[in-house]
Amino acid sequence: MLRTIGKALFSGLEQLKFTPHDNQGADYEVRTYQATRLVSTSVNGTQWDAAMSTGFRRLFAYIQGNNQTKTKVEMTVPVICKVVPGAGHACESTYTISFYIPEEHQAGPPQPSDTDVFLQDMTEFTVYVRTFGGFAKEQMMRDELSKLLGSLQRDGVPFKDEPFYTAGYDSPFKLTSRRNEVWILKKTEQE
């Protein structure tokens with residue numbers, strides 16, 4: 001566990017692989033993420049912060065050996081949260097929190113023991129990305145999401161309103177130079 005926390009604090013963690021695009025916006029990036037396998041959990045609720053905490057704990061238990069083979073799995077980044085907003089402002093949203101499964105386990109990851117945790121195959125996808133620092137909280141994420149949506153509308157690029165994603169790269173023990181992101185899916189020609 002200390003090795004996992006240490007790597008998270010001092011960087012060096014395996015990252016979800018992507019290809020950057022040449023046509024970047026003035027205040028956002030465009031990336032295509034490769035198809036990959038994730039370990040995920042879904043939480044329904046009205047608060048991003050609480051959902052992230054619950055989801056992270058479930059997934060951290062999985063990588064610490066709470067799986068069918070009791071295998072420890074290295075921590076990776078980013079911690080991804082797919083947000084499917086509820087029908088109204090005070091309605092429950094669905095938050096799917098995910099860890100990228102390291103390359104050494106991609107072909108055959110350990111099956112989860114917790115029934116709230118599942119393996120998920122993610123197809124290739126392209127996103128618009130806005131990066132920001134600090135300790136990410138729900139209001140900060142919403143503010144950054146709003147800025148990204150405004151930039152995409154300004155530039156007239158095709159995007160999906162929902163779901164949206166948040167991504168965090170740092171251990172809670174890292175105090176400075178933190179990296180967080182919000183992602184909006186690019187519409188494909190078929191959509």
Using only heavy-atom distances, determine whether the side chains of [X] and [Y] contain a donor-acceptor pair under 3.5 Å.
{"X": "Gln68", "Y": "Ser113", "value": "no"}
{"X": "Thr54", "Y": "Arg58", "value": "no"}
{"X": "Glu14", "Y": "Tyr100", "value": "yes"}
{"X": "Tyr33", "Y": "Arg31", "value": "yes"}
{"X": "Glu124", "Y": "Thr32", "value": "no"}
{"X": "Asn44", "Y": "Tyr95", "value": "no"}

Hey, does the side chain of Asp155 reach the backbone of Val157 with a donor-acceptor pair shorter than 3.5 angstrom?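 Side chain of Asp155 to backbone of Val157: no pair is present.
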
Considering all heavy atoms of both residues, which atom of Ser93 and which atom of Gly86 are nearest to each other, and what is their separation? OG-N, 3.1 Å

If you look at every heavy atom in Val84 and Pro163, which pair is closest and at what distance? CG2-CB, 4.0 Å

Verify salt bridge (Lys or Arg N to Asp or Glu O under 4.0 Å) between Arg130 and Glu29, making sure each step is shown before the conclusion. CA-CA 7 Å; Arg130 182 174 173 84; Glu29 296 175 60; over 6 Å; no

Verify same cluster id: Leu16, Phe118 (apolar side-chain graph, 4.5 Å): no

So among Val127, Val83, Val182, which one has a side-chain contact (heavy atoms from CB on, under 4.5 Å) with Phe164? Val83

The side-chain contact (heavy atoms from CB on, under 4.5 Å) partner of Leu119 among Leu38, Val39, Asn67 is Val39

Between Met122 and Arg37, is any pair of side-chain heavy atoms under 4.5 Å apart?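 They are not in contact (no side-chain heavy atoms under 4.5 Å apart), so the answer is no.
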
Atom pair [atom1]/[atom2] of [X] and [Y] - distance to nearest 0.5 Å:
{"X": "Leu59", "Y": "Met52", "atom1": "CG", "atom2": "CE", "answer": "9.0 Å"}
{"X": "Ile63", "Y": "Lys72", "atom1": "CD1", "atom2": "NZ", "answer": "9.5 Å"}
{"X": "Glu103", "Y": "Gln106", "atom1": "CD", "atom2": "CD", "answer": "5.5 Å"}
{"X": "Ile184", "Y": "Tyr128", "atom1": "CD1", "atom2": "OH", "answer": "10.5 Å"}
{"X": "Leu13", "Y": "Gln15", "atom1": "CG", "atom2": "CD", "answer": "8.0 Å"}
{"X": "Thr71", "Y": "Glu104", "atom1": "OG1", "atom2": "CD", "answer": "9.5 Å"}

With a 6.0 Å cut-off (strictly less than), is the heavy-atom count around NZ of Lys17, excluding the residue itself, greater than 12?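 Above 12, so yes.
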
For the residue pair Tyr165 and Phe125, categorise the inter-ring angle as parallel (less than 30°), tilted (30 to 60°) or perpendicular (more than 60°).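 Tyr165 and Phe125: parallel rings.
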
Ser40 and Gln120: side chain to side chain donor-acceptor pair (under 3.5 Å), yes or no, with the steps? CA-CA 7 Å; Ser40 303; Gln120 177 180 19; 2.7 Å; yes

Could you go through the side chain to side chain donor-acceptor pair (under 3.5 Å) check for Ser151 and Asp27 one step at a time? CA-CA 7 Å; Ser151 297; Asp27 49 359; 2.7 Å; yes

For a side chain to side chain donor-acceptor pair (under 3.5 Å) check, start with the C-alpha distance between Thr166 and Glu181, then their side-chain angles and the critical distance, and finish with the verdict. CA-CA 6 Å; Thr166 65; Glu181 297 172 344; over 6 Å; no

Verify whether the ring centers belonging to Trp183 and Phe159 lie closer than 6.0 Å.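 Here the rings of Phe159 and Trp183 have centres that are no less than 6.0 Å from each other.
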
Under 6.0 Å between the ring centres of Phe99 and Tyr62? no

Examine Arg179 relative to Tyr169 and say whether NZ or CZ is less than 6.0 Å from the centre of the six-membered ring and inside a 45° cone about the ring axis.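 Judged by the rule, Arg179 and Tyr169 form a cation-pi pair.
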
